[in-house]
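A quick write-up on the structure given underneath.
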Amino acid sequence: MLNIEVQLCGLVFDLILIFFISRHESVGLKSEKIFRQCLIVYTTCVVLDISSIIAIGYRHILPALLVEGVCKLYLVSLVTSAYFAFAYTYNTVVHMRENVTFKMAVLILGFVGAALIMVTPISYYHEGRTVYTYGTSVVITYIFALLYIVSTLVTTFVYASLMNMHRRKAIRSWMALEIAAAIVQFFAPYALLVGFGSSLGLFILYSELENPEVYLDRTAGCFSFETFAMYLRQEFENLKKFSCVIVCNESEIKKSDEEQKKIIVEMAEFLNSFGFAKLFRLNDNDFALVYDMGQREMNEIESAVNLDVIRQRFKSKWGENSILNTKFLYIPDGHIVSSAEEFIKVYERNRYKFDKGEDMRTLDETAGQDIKEYRAMVLEIKDALRTDRVEVFYQPIYSVETGKFVSAEALARIRGNDGKLIMPGRFIPVAEESGLIGEIGERVFSKTCRCIKENNLKMKGIDYVEVNLSVSQCENPMLSSTYHEIMRLEEVRPKEINLEITESSTLNQRNILLENMKQLMNMGCGFSLDDFGTGESNLNYIVDMPVNIVKFDRSMVQDYFTNKRAEIVMRATVGMIKDLGLKIVAEGVETEEQVEGIKKLGIDYIQGYYYSKPLSKSDFIRFIETKNAS
């Protein structure tokens, strides 16, 4: 009986892996492809190992050339297996993957090793159940295989920062098993463990990294959002053309958990029925169908045809009785941007930009240019914060009662590297979306406090300065403590600060805002409700929020003078707000006629271009000194 039990165990491991992998659709990731190639090579290696043992055992009846050929092919497969292990590992290191010269050198090294194995002598040992080979060919095999294995281990250490922790550990365990098996077999040739050690290492790699289940969304059964990002990165790196249909569902399907899962599964099964496309579940119950145009020239047309079918289906019921407000993004050419990150950003930005009544939007180069401008502005904002190019302009606010300018609104500006001002309409939306608005807000607040202190604005008639708060700042539990510390450092009394909040239906953490307001008001700060008259304004918001001042938006003020119904509504609103004991600021007042009309309406403060546009700090100080001196 031949000593092949261990090899047969290894073969069983490999066949089990092949069975499980074949049951799942491949997403097409490079690491996934190389792992499957590794599995084929390692399985071939085990089969050749068994074949070589059989050939040696029966070499007295087999042609000598056949025995030598089978044994040497097994040795070559060992080196090939080690090469694929290294190829799998360095595939995750981007700049190595792009180094064609390096890849060719590694491949040529393997061919040199294979050639030396085939031309150098080999000897056989067979006594009882103990069967193995030795000689120059075997030594060369150990040298080249060990070279690849050590290189693989070194890669996991030298480029550790480019590999996630689980991948590093799994690959190191894999290589450790191969080294341990090789050492045992080198000193005890009768213990034929190399093939089994390799198979066991692959099993660990499969369990840790390459189990197809890790690429799937557990609920929908299709590929996950994380896999979508990995797949896109590969498509862009390989410059592959693809089109994409994105199904944008409601963020929360307002059903029971069981019904929602049923709807998601039903959608996934329907969308997965379209051939030649990979299905991914994205965030917020969205789905993406990606068509690789490298596979079929007609895929762009097919994706457009499928989109019509999908749109019709989504007008029908899902689950037990649910009709969803689903929107669709269609991207005929994914290369409207230059990276996976930009592509995902295009999707995330546009899924919320549908016009009323619009259910589909086709994204082209314009959407790609928009995201490029967004990225450029993010870099501009970061650099402006780093180099202190964020400036504060002040727009004076006139008191009808005193006939003086008693306050001002602090407004953020960015000074470009060319010396020109970047207006808030360009950078504020980007700052809010990118999460930089908090840092800008703190910088503006700090500079405003410094301006109040250094220029003794109180003595110049300015009772307080208004500073805007963004929605994200209002939702920050540390806002009150942060602003209190800034006021303390700048030695500004809280009553010289009035913070402006904007009514927003998107404010998710209103309790945090209320707590921040309570703490800041206890310190002495005042609060204004900004932009009243826009969006979803209503008097209930004024009742709920402990504000001192309500600021009428420019559009509301302008409508008062041009629209009779708006005039009636505004008169009634002013009366109710005054009855609540609150002050009112009218923004956007531009003519003398408007000033007189606003005064007759009973509004307390006026802000607008009639008196002054926003001014730089130095111009604002001169303006106040001049106007309030008379």
Side-chain angles (χ1 to χ4, degrees), residues 250-252 254 283-286 344-345 348-353 374 377-378 381-382 384-385 390 392 409-412 414 424-449 464-489 494 497-551 553 582:
E250 300 168 32
S251 298
E252 293 184 12
K254 297 179 180 178
N283 293 332
D284 296 326
N285 299 320
D286 294 354
I344 292 172
K345 198 66 183 178
E348 291 175 340
R349 284 168 64 83
N350 282 276
R351 82 174 305 278
Y352 298 106
K353 288 187 176 181
Y374 167 85
M377 183 55 67
V378 168
I381 294 170
K382 289 181 177 179
L385 288 166
V390 175
V392 182
E409 181 177 0
L411 299 163
I414 287 179
R426 288 183 59 198
F427 70 84
I428 291 295
V430 175
E432 288 176 337
E433 188 173 346
S434 62
L436 294 168
I437 191 66
E439 194 171 350
I440 291 177
E442 288 184 21
R443 188 71 57 89
V444 168
F445 186 72
S446 179
K447 289 192 172 188
T448 299
C449 289
Y464 59 87
V465 178
E466 297 182 342
V467 183
N468 288 281
L469 291 177
S470 67
V471 171
S472 62
Q473 285 179 286
C474 292
E475 294 178 343
N476 180 1
M478 299 302 294
L479 173 71
S480 56
S481 59
T482 299
Y483 273 34
H484 177 260
E485 180 63 14
I486 292 173
M487 288 185 285
R488 186 189 68 79
L489 291 173
I497 294 293
N498 190 283
L499 297 167
E500 294 187 6
I501 60 172
T502 302
E503 177 184 356
S504 174
S505 59
T506 62
L507 188 60
N508 298 317
Q509 303 290 340
R510 188 166 294 185
N511 58 324
I512 295 178
L513 167 61
L514 290 171
E515 182 62 28
N516 279 322
M517 292 179 72
K518 177 183 176 182
Q519 293 186 23
L520 287 164
M521 291 179 77
N522 287 339
M523 297 173 201
C525 294
F527 276 87
S528 299
L529 177 61
D530 195 17
D531 294 336
F532 185 82
T534 62
E536 312 215 5
S537 293
N538 59 77
L539 291 171
N540 287 333
Y541 201 92
I542 298 174
V543 174
D544 293 338
M545 293 294 158
V547 296
N548 314 104
I549 299 170
V550 177
K551 300 189 74 172
D553 181 72
L582 306 179

Does the [X] side chain pair with the main chain of [Y], one donor and one acceptor, at a distance under 3.5 Å?
X	Y	value
Lys447	Val390	yes
Gln473	Ser470	yes
Ser446	Glu442	no

Give the intermediate values and the outcome of side chain to side chain contact (heavy atoms under 4.5 Å, CB included) for residues His484 and Gln519. CA-CA 9 Å; His484 177 260; Gln519 293 186 23; over 6 Å; no
Could you go through Asn516 and Tyr483, starting from their C-alpha distance and side-chain angles, then the distance that decides it, and tell me whether this counts as side chain to side chain contact (heavy atoms under 4.5 Å, CB included)? CA-CA 10 Å; Asn516 279 322; Tyr483 273 34; over 6 Å; no
What's the shortest heavy-atom distance between [X] and [Y], and which atoms?
X	Y	answer
Ala410	Val467	CB-CG2, 4.3 Å
Pro429	Pro424	CD-O, 3.5 Å
Met487	Pro494	SD-CA, 3.7 Å
Ser528	Val547	C-CG1, 4.1 Å
Leu499	Leu520	CD1-CD1, 3.6 Å
Asn548	Gly526	OD1-CA, 3.2 Å

What distance separates [X] [atom1] from [Y] [atom2], expressed to the nearest 0.5 Å?
X	Y	atom1	atom2	result
Leu436	Ile428	CG	CD1	10.5 Å
Asn468	Ile437	CG	CD1	9.0 Å
Tyr374	Lys345	OH	NZ	3.5 Å
Glu348	Asp286	CD	CG	10.0 Å
Ile497	Phe527	CD1	CZ	11.0 Å
Lys518	Ser480	NZ	OG	11.0 Å

Derivation and outcome, side chain to side chain contact (heavy atoms under 4.5 Å, CB included), residues Tyr464 and Ile549: CA-CA 12 Å; Tyr464 59 87; Ile549 299 170; 3.2 Å; yes
With side chains defined as the heavy atoms from C-beta onward, is the minimum distance between [X] and [Y] less than 4.5 Å?
X	Y	answer
Val465	Cys449	no
Cys474	Ile501	yes
Glu466	Asp530	no
Met523	Arg488	no
Met545	Leu529	no

Evaluate the criterion side chain to side chain contact (heavy atoms under 4.5 Å, CB included) for residue pair Ile440 and Phe427; output intermediate values, then yes/no. CA-CA 10 Å; Ile440 291 177; Phe427 70 84; 4.2 Å; yes
Does Lys382 NZ have over 12 foreign heavy atoms under 6.0 Å away?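 Result for NZ/Lys382: open.
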